Amino acid sequence: MADSSAPTRVMMAVNESSLKGYPHPSISCRTAFDWTLSKLVRSNPSGFHFLFLHVQVPDEDGFDDMDSIYASPADFHQMKQRDKIRGLHLLEYFVNQCHQLGIKCEAWIRHGDPKEVICSEVKRVQPDLLVVGSRGLGPFQRVFVGTVSEFCVKHAECPVITIKRKATEAPQDPIDD
C-alpha cells in the first residue's frame, strides 16, 4: 500500500504554443496547469509533486519547412542546441510557477512521438495521475490530426485527466494552440 502521507505525483505533458511561439506554453497545457492548480492543489502545495514532461518532435528533415540547405555538422549541432534551449525555456515557465507556489517539481525533455513518449514515461516514472491538455478537436479533425490526449487516456498506465482549453481561448483554427 502506498504511503498516504507522500505527495500526490502529478505528471503534466507540456508543449509550446503554435500561435505565440517560443517560449510560450500552448493554450491547452497552460489551461490544464491552471485547472490543476485551482481544482486539485488549491491551498495544499506540499501535498503535490509535479512532473513536467516536454516531448520534442523531431522535424522530419531537421530544417523547419525548408526544401534544402547547405549544412555542415556544426549546423546540425546548432539546431539540436537551439531545440534543447527552447524546451528548457518552456519547462522553466512551469518550474518557476511551482517554486513561487511552494510546489515540488521536476522537469525533463524527451524526443519522439508525443503520445508514445508520454505513455512510456508514465510507465517509467509511475505518477499517481497524468494531466494533459486537449484542443477539443471535432471528429473530422481528430481523424486527420489525431489526438495525444485520447491516446493517453487509452494507453497510459495511470489515471488520466484531460482538460479542454476554454472556448474563449480557442483560436479560429482549432488545430492551432
Side-chain angles (χ1 to χ4, degrees), residues 2-3 5-59 62 64 77-135 147-153 155-166 169 176-177:
D3 180 7
S5 65
T8 301
R9 294 166 31 95
V10 178
M11 180 182 275
M12 296 197 71
V14 299
N15 63 320
E16 289 182 45
S17 172
S18 62
L19 291 175
K20 290 185 177 180
Y22 167 73
H24 297 283
S26 71
I27 298 166
S28 299
C29 74
R30 193 181 65 245
T31 299
F33 178 68
D34 293 344
W35 182 92
T36 303
L37 291 177
S38 69
K39 301 297 183 182
L40 296 180
V41 174
R42 296 182 182 176
S43 59
N44 183 22
S46 63
F48 292 86
H49 184 128
F50 279 30
L51 307 161
F52 295 104
L53 169 63
H54 172 54
V55 181
Q56 291 183 327
V57 180
D59 190 20
D64 296 328
H77 179 73
Q78 286 176 338
M79 285 187 275
K80 287 180 182 177
Q81 286 301 106
R82 180 203 64 206
D83 289 346
K84 182 177 180 180
I85 290 168
R86 290 174 65 132
L88 291 172
H89 282 162
L90 173 67
L91 291 172
E92 181 180 36
Y93 169 83
F94 293 101
V95 169
N96 285 341
Q97 295 286 321
C98 284
H99 280 275
Q100 288 175 5
L101 298 169
I103 301 168
K104 290 182 182 177
C105 66
E106 298 173 43
W108 66 99
I109 299 169
R110 292 288 186 259
H111 299 274
D113 179 359
K115 60 185 179 286
E116 297 287 342
V117 172
I118 292 167
C119 290
S120 174
E121 287 297 288
V122 163
K123 189 173 189 172
R124 184 182 71 82
V125 176
Q126 300 180 341
D128 299 309
L129 175 68
L130 172 64
V131 177
V132 291
S134 171
R135 294 179 288 180
T147 69
V148 171
S149 57
E150 283 184 353
F151 186 90
C152 291
V153 166
H155 299 283
E157 295 181 7
C158 72
V160 179
I161 295 179
T162 61
I163 307 298
K164 284 186 191 177
R165 62 183 169 204
K166 298 171 186 161
E169 289 187 324
D176 290 332
D177 202 344

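Just so it is clear, the model here is predicted, and its values are computed rather than measured. Numbers here are sequence positions counted from 1.
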| task | For Ser149 and Gly133, work out which heavy atoms get closest and say how close. | result | CB-O, 3.9 Å
| said: Can you confirm whether Val148 sits close enough to Asn15 that some side-chain heavy atom of one is under 4.5 Å from a side-chain heavy atom of the other? | reply: no
| Would you call Trp35 and Ile161 a side-chain contact if the rule is heavy atoms closer than 4.5 Å? | yes
| query | Is Ser134 close to Ser28 at the side-chain level, that is, under 4.5 Å between some pair of heavy atoms? | reply | no
| Please walk me through it: do Val10 and Val41 pass side chain to side chain contact (heavy atoms under 4.5 Å, CB included)? | CA-CA 10 Å; Val10 178; Val41 174; over 6 Å; no
| query | Which value, rounded to the nearest 0.5 Å, describes the distance between Gln126 atom CD and Glu157 atom CD? | reply | 8.0 Å
| field | Trp108 side chain near Leu91 side chain, heavy-atom distance below 4.5 Å | value | no
| Going from CZ on Arg110 to CD on Gln56, what distance comes out if it is rounded to the nearest 0.5 angstrom? | 11.5 Å
| note | Between the CD atom in Glu150 and the NE2 atom in His155, the distance rounded to the nearest 0.5 Å is 10.5 Å
| query | Do you know which two heavy atoms are closest between Met11 and Val122, and how far apart they sit? | reply | SD-CG2, 3.7 Å
| message | Quick one, Val14 and Pro25 - any side-chain contact, counting heavy atoms below 4.5 Å? | response | no
| field | Ring centroid separation Phe50 to Phe94 under 6.0 Å | value | no
| Does the side chain of Glu116 come within less than 4.5 Å of Phe151's, by heavy atoms? | yes
| query | Closest heavy-atom contact between Cys119 and Cys152? | reply | SG-CA, 4.0 Å
| query | Which heavy atom in Ala156 sits nearest to a heavy atom in Val160, and how many Å separate them? | reply | CB-CG2, 3.7 Å
| Worked check of side chain to side chain contact (heavy atoms under 4.5 Å, CB included) between Arg9 and Val125 | CA-CA 10 Å; Arg9 294 166 31 95; Val125 176; 3.1 Å; yes
| message | I need the minimum non-hydrogen distance between Ala107 and Val95, along with the two atoms involved. | response | CB-CG2, 3.8 Å
| note | Separation between CD (Glu121) and CG (Leu130), nearest 0.5 Å, reads 11.5 Å
| said: side chain to side chain contact (heavy atoms under 4.5 Å, CB included), that's the test. Do Glu106 and His49 meet it? Break it down for me. | reply: CA-CA 8 Å; Glu106 298 173 43; His49 184 128; 2.9 Å; yes
| message | With heavy-atom distances below 4.5 Å as the criterion, would you say the side chains of Phe33 and Cys98 are in contact? | response | yes
| field | From CE (Met12) to CD1 (Ile118), nearest 0.5 Å | value | 11.0 Å
| said: For a quick test of reading the model, state the closest non-hydrogen atom pair linking Leu129 to Cys158 and the distance between them. | reply: C-SG, 4.0 Å
| said: Distance alone, cut at 3.5 Å: any donor-acceptor contact between the side chains of Asp128 and Thr8? | reply: no
| request: Could you check Cys105 against His99 for side chain to side chain contact (heavy atoms under 4.5 Å, CB included), going step by step and ending with a plain yes or no? | output: CA-CA 8 Å; Cys105 66; His99 280 275; 4.0 Å; yes
| query | Which distance, rounded to the nearest 0.5 Å, do you find between the CG of Asp34 and the SG of Cys29? | reply | 9.5 Å
